S.K.: 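Before I ask anything, here is the structure I am working with.
Computed from a predicted model, the values in this text were never measured in an experiment.
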Amino acid sequence: MNCVVCNCWNPTPSTVSRPAQQALRHALGGTGAVIEIGPFLVRLRSRLESVASAVALHYEGQLLAPDTPFCDFHVRLDRTRGIRSRWRPLARFYLDETSPFKPLPLSQAYPLFEWGLNWCIAQHGHRFLMIHAAVLERDGHALIMPGAPGAGKSTLCAALSLSGWRLLSDEFALVELATGRVTPLPRPVSLKNAAIDIIAGHFPSATLGTRTHDTTKGTVCHLKPPADSVERAAETAAPAWVVFPRFETGTTDRLVALPRGQALLRLADSAFNYSILGARGFETAANLIDQSECFELSYGNLDASLGLLNELSASRP
Amino acid sequence: MFLGPQHHPLRIIPLPAAHLRQWDEELVVYDQRCGETHLLPGVVGEIFTLLQTSPRQMDELIAHLQAGQHQDIEDPESFIQQVIVELRRLQLLESDPLDSE
């Protein structure tokens, strides 16, 4: 099936049954659909069709009963009102009926939900040390890949999650302050621009949503989290590797050991709330580094880098 | 700034053990008063650790450098002075009572 807006590649239809989709739309348009995303419960209200179909596709395994009593975030996404919205329809994100952002074009409503949810978590998830990082798990060991936008972490994250690693998160390493373990936050992986075709080409069975063009990040498309990641959302993992990826066209893929002191400072720079947590933030980050091997990954070829990361996992006793 | 040997011994501020991490040649120090994290590489970390073990005069630090594995440092006195200035700038050294006189 091609996208009706731009005739782009094959947005995968939801596997949610028609009655379930109707129930979801009813909930979204009423008291809200409740989505369980790792340790957070999100109540989402929206009358936007694009949001309903994306939630049906990406979160079908994470929907709870609408009468779930307590939620962490009460979110609404709706079309803006007013005469200007007739010729330039916009979508606005609300948290507790307050809108923290400027509205975006209506076609970007679903990415706006995902970005808004990132903001909600970063603002309120202080029971964790929150690091801007992709996280995957294998044999109980967590691979944490902090990275600035453009470093290639989402592409690597998507590819690893489709080739034997468990997706814990594409955006946040949620490190428990009490235990130092990483809590999963299974959500769709946000792919941008060339990464979309790379993942679609490498993994034809991957479930990708609709492409949204002309966003501030270019073209955006979300990859549905694997069912295994969603089912095992309560299983935390012990940090084992911290890898800072850096994508560079044409570079030779290699992992270079990074001194732990430098790794700690870079990890702190990548954290959303290191300063807010104060000494607990330092101790949690330092303990994480203590039990991890730290590397820089120069990454130019997806298969080569996947090979390096798989070797890392295989070499661990 | 005068750093002569007749001054009070150089002393590191009190820090909880949990706020210091030594990995190979690097020492990381967390200062909870301001929330800053400092990376003290190599000899700088070594001098910091020495001062933390017990307060010392500057000439003791110079002697330590001269006696240790740091033959590559051509001017130990100047080097120690620079380290002390940097540790003071980071406010990791207790203030010298004479400074405020």
Side-chain angles (χ1 to χ4, degrees), chain A residues 122-123 126-133 144 146 148 173 175-181 238-244 255-296, chain B residues 10-53 56 61 64-65 68-73 79-80 82-95:
Chain A
Q123 292 292 311
H126 300 306
R127 62 184 193 265
F128 302 96
L129 173 65
M130 295 181 283
I131 303 160
H132 186 206
I144 298 170
V175 187
E176 293 177 353
L177 299 178
T179 65
R181 294 178 67 83
W241 308 280
V242 178
V243 175
F244 294 87
L255 272 173
V256 178
L258 182 67
R260 281 188 163 92
Q262 292 176 42
L264 174 57
L265 262 65
R266 288 175 63 173
L267 193 80
D269 277 345
S270 300
F272 293 101
N273 60 343
Y274 178 80
S275 299
I276 291 171
L277 294 174
R280 292 195 79 187
F282 171 80
E283 288 163 24
T284 306
N287 291 342
L288 187 157
I289 291 292
D290 238 348
Q291 59 186 295
S292 303
E293 294 177 82
C294 304
F295 300 92
E296 281 182 311
Chain B
L10 298 160
R11 190 186 303 269
I12 295 293
I13 59 162
L15 287 163
H19 296 179
L20 297 168
R21 298 297 168 109
Q22 175 85 51
W23 288 296
D24 302 319
E25 300 287 298
E26 294 179 334
L27 179 70
V28 179
V29 179
Y30 178 72
D31 183 353
Q32 64 183 346
R33 299 168 307 169
C34 58
E36 288 190 15
T37 310
H38 307 292
L39 176 65
L40 307 180
V43 191
V44 181
E46 191 179 318
I47 291 167
F48 180 97
T49 306
L50 207 62
L51 287 174
Q52 215 206 3
T53 313
R56 288 167 203 258
L61 298 177
H64 172 81
L65 270 195
Q69 309 279 319
H70 307 295
Q71 308 302 325
D72 53 328
I73 297 172
F79 181 86
I80 291 290
Q82 289 176 55
V83 172
I84 299 306
V85 167
E86 183 61 11
L87 292 179
R88 279 205 198 286
R89 190 185 68 80
L90 298 176
Q91 300 184 14
L92 294 174
L93 281 180
E94 285 197 338
S95 56

S.K.: Taking every heavy-atom pair that is under 4.5 Å apart, which of B:Gln32, B:Glu25, B:Arg21 has the most such pairs with chain A?
M.R.: B:Arg21

S.K.: Check whether A:Ala268 gets within reach of chain B through its side chain, its backbone, both or neither, counting any heavy atom under 4.5 Å.
M.R.: neither

S.K.: Do you know which of A:Gly278, A:Gly281, A:Gly261, A:Ser275 has the most heavy-atom pairs with chain B at a distance under 4.5 angstrom?
M.R.: A:Gly261

S.K.: So B:His19 and A:Phe282, would you call those rings parallel, tilted or perpendicular, with 30° and 60° as cut-offs?
M.R.: perpendicular

S.K.: State whether the side chain of A:Glu283 and the backbone N or O of B:Ala18 hold a donor-acceptor pair below 3.5 Å, judged by distance alone.
M.R.: no

S.K.: Between CG of A:Leu264 and CH2 of B:Trp23, what distance do you get to the nearest 0.5 Å?
M.R.: 5.0 Å

S.K.: Does A:Gln123 have more than 12 heavy atoms from other residues, nucleotides or ligands lying within 6.0 Å of its CD?
M.R.: yes

S.K.: Crowded around B:Asp24 CG? As in, over 12 foreign heavy atoms under 6.0 Å?
M.R.: no

